[in-house]
Amino acid sequence: MSENHSNNKTQSMQAVKPPLNSATAGIAYSAGAVAVIAVSLIVGLILGAAKVAKYSDAYWYINFLASPVAIAAAVGITLAVRKVPFKRVFPVKCHPKYYLIALLIVCGLFCSLNQINGLVLKLFGQEQTEHSKMLTEYILGLSGGRAVAAILVIAVLPAFFEELLFRGVMTFGSERDVGTVKTIFITGFCFSLMHTSLEQTVYQFIAGCLFAFVAVRAQSILPCILMHFINNALTIIISLCGGWTEAGELAISFGGNIAMIVVGALALAGGIIWLVLDKKPTEKGEKGGVKSFCIFAACGIAVFGLMWILTLFGVA
């Protein structure tokens, strides 16, 4: 009798899912979408009430801070409601080789795929929006203390909080239920959609998938934070070094550009192959795992999807 009771208790404990699961991942994404909308409305009211000049330093900094603040709130509330320990989504132990892999991949992405945004716009017969053009002009004009402040709000804060959401909560939360491969592509899609930009869609999808791949192999988001920071900061750093033309293109020769693309492609391929050859086991997922994520992430997908469509037609 005692043995049967023990077996039943063990089976019952196994049947209970850990709090960090695909449902939690979906909830976090939807919470992030709602938070982004709410914070964006508040930011709009603040900018209007304070009569902040459009495209001024204050305008850009307040807008840059909106997304990290929204994501931080969404993650904090989700972890509290779902009773997930912070250390579960932010493990710090990581083999040093994953930092080298991260450097290969992020440098490969930037060097070999830096022109993909422009190609996407041409494919859809679109041009850069006024907002995107003014942002590029603003970044290229940064120097001194303004550049340091911009790196903080453009590179440091988004790198930490976006990785905490997408790789810490969503990737680690989904992998067991959804499966490793599906999780990589799902979080890559959600990451790309969150940026609500036709121009960046393909690049952000590829980057999101690779960041997730690094996270599941390293079992830490620290290499991903490094990658994200470098990816966001490189534009500013190159600008400080005078590496951009007035048209927003890299100030290198045609031959130099080809060489950079080739070297970048080799670095990217090397990093991906290194990850593929890593012998860590992958999760196959459980029945209903994808469905569970999609149900709870539906709100976020709908919100960001609508914003992406509005941006495509120049409404947002």
Side-chain angles (χ1 to χ4, degrees), residues 28 32 35-36 39-40 42-43 46 55-76 78-79 86-87 89-94 96 98-110 114 131-132 134-172 187 190-192 194-197 200 203-204 207-208 210-212 214-215 218 220-241 243-244:
V36 166
V39 173
S40 296
I42 293 171
V43 164
I46 292 173
Y55 306 135
S56 63
D57 282 346
Y59 171 88
W60 287 119
Y61 292 151
I62 292 173
N63 275 285
F64 288 144
L65 287 169
S67 182
V69 168
I71 291 173
V75 169
T78 300
L79 295 184
F86 182 75
K87 65 180 180 181
V89 300
F90 191 62
V92 295
K93 188 177 180 181
C94 177
Y98 293 108
Y99 292 102
L100 178 56
I101 292 174
L103 289 174
L104 285 173
I105 288 177
V106 73
C107 291
L109 276 171
F110 184 84
N114 70 84
H131 184 274
S132 182
M134 295 306 295
L135 176 57
T136 300
E137 183 178 321
Y138 177 77
I139 290 176
L140 297 185
L142 290 171
S143 62
R146 293 171 68 233
V148 173
I151 287 176
L152 175 64
V153 297
I154 294 175
V156 177
L157 295 179
F160 179 81
F161 289 111
E162 288 183 20
E163 290 311 308
L164 189 61
L165 170 61
F166 287 96
R167 263 54 73 173
V169 180
M170 293 177 64
T171 299
F172 292 154
T187 54
C190 290
F191 181 70
S192 175
M194 187 272 292
H195 288 83
T196 63
S197 167
Q200 298 181 41
Y203 184 91
Q204 295 292 2
L210 291 175
F211 288 8
V214 171
S220 171
I221 67 171
L222 289 179
C224 303
I225 290 175
L226 174 65
M227 295 167 74
H228 203 140
F229 166 77
I230 292 174
N231 183 75
N232 289 7
L234 270 175
T235 300
I236 300 174
I237 294 171
I238 292 174
S239 178
L240 292 175
C241 298
W244 298 105

Does the pair F90 and I225 meet the rule for a side-chain contact (heavy atoms from CB on, under 4.5 Å), with working shown?
CA-CA 11 Å; F90 191 62; I225 290 175; 3.8 Å; yes
Determine the minimum heavy-atom distance between [X] and [Y], stating which atoms define it.
| X | Y | answer |
| --- | --- | --- |
| I105 | V214 | CD1-CG2, 3.9 Å |
| A150 | L142 | CB-CD1, 3.5 Å |
| H131 | Y59 | CD2-OH, 3.9 Å |
| T171 | A212 | OG1-CB, 4.0 Å |
| C224 | F211 | SG-O, 3.1 Å |
| F229 | A159 | N-CB, 3.6 Å |

Inter-residue atom distance [X].[atom1] - [Y].[atom2], 0.5 Å rounding:
| X | Y | atom1 | atom2 | result |
| --- | --- | --- | --- | --- |
| L104 | L210 | CG | CG | 12.0 Å |
| S192 | H195 | OG | NE2 | 8.0 Å |
| I71 | E163 | CD1 | CD | 10.0 Å |
| M227 | C107 | CE | SG | 9.5 Å |
| I154 | N63 | CD1 | CG | 11.0 Å |
| L157 | I151 | CG | CD1 | 12.0 Å |

Any heavy-atom pair between the side chains of [Y] and [X] that's under 4.5 Å?
| X | Y | result |
| --- | --- | --- |
| W60 | V153 | no |
| F166 | I221 | no |
| E137 | Y55 | no |
| F161 | V75 | no |

Counterpart residues, side chain to side chain contact (heavy atoms under 4.5 Å, CB included), relative to L234 (two or more places apart)
F110, I230
Parallel, tilted or perpendicular: ring planes of Y138 versus F64, cut at 30 and 60 degrees
tilted
Between the side chain of S239 and the main-chain N/O of T235, is any donor-acceptor distance below 3.5 Å?
no
For E162, salt bridge (charged side-chain N to carboxylate O under 4.0 Å, His left out) partners two or more places apart:
none
Using the benzene-type ring in the case of Trp, are the ring centres of F191 and H228 under 6.0 Å apart?
yes
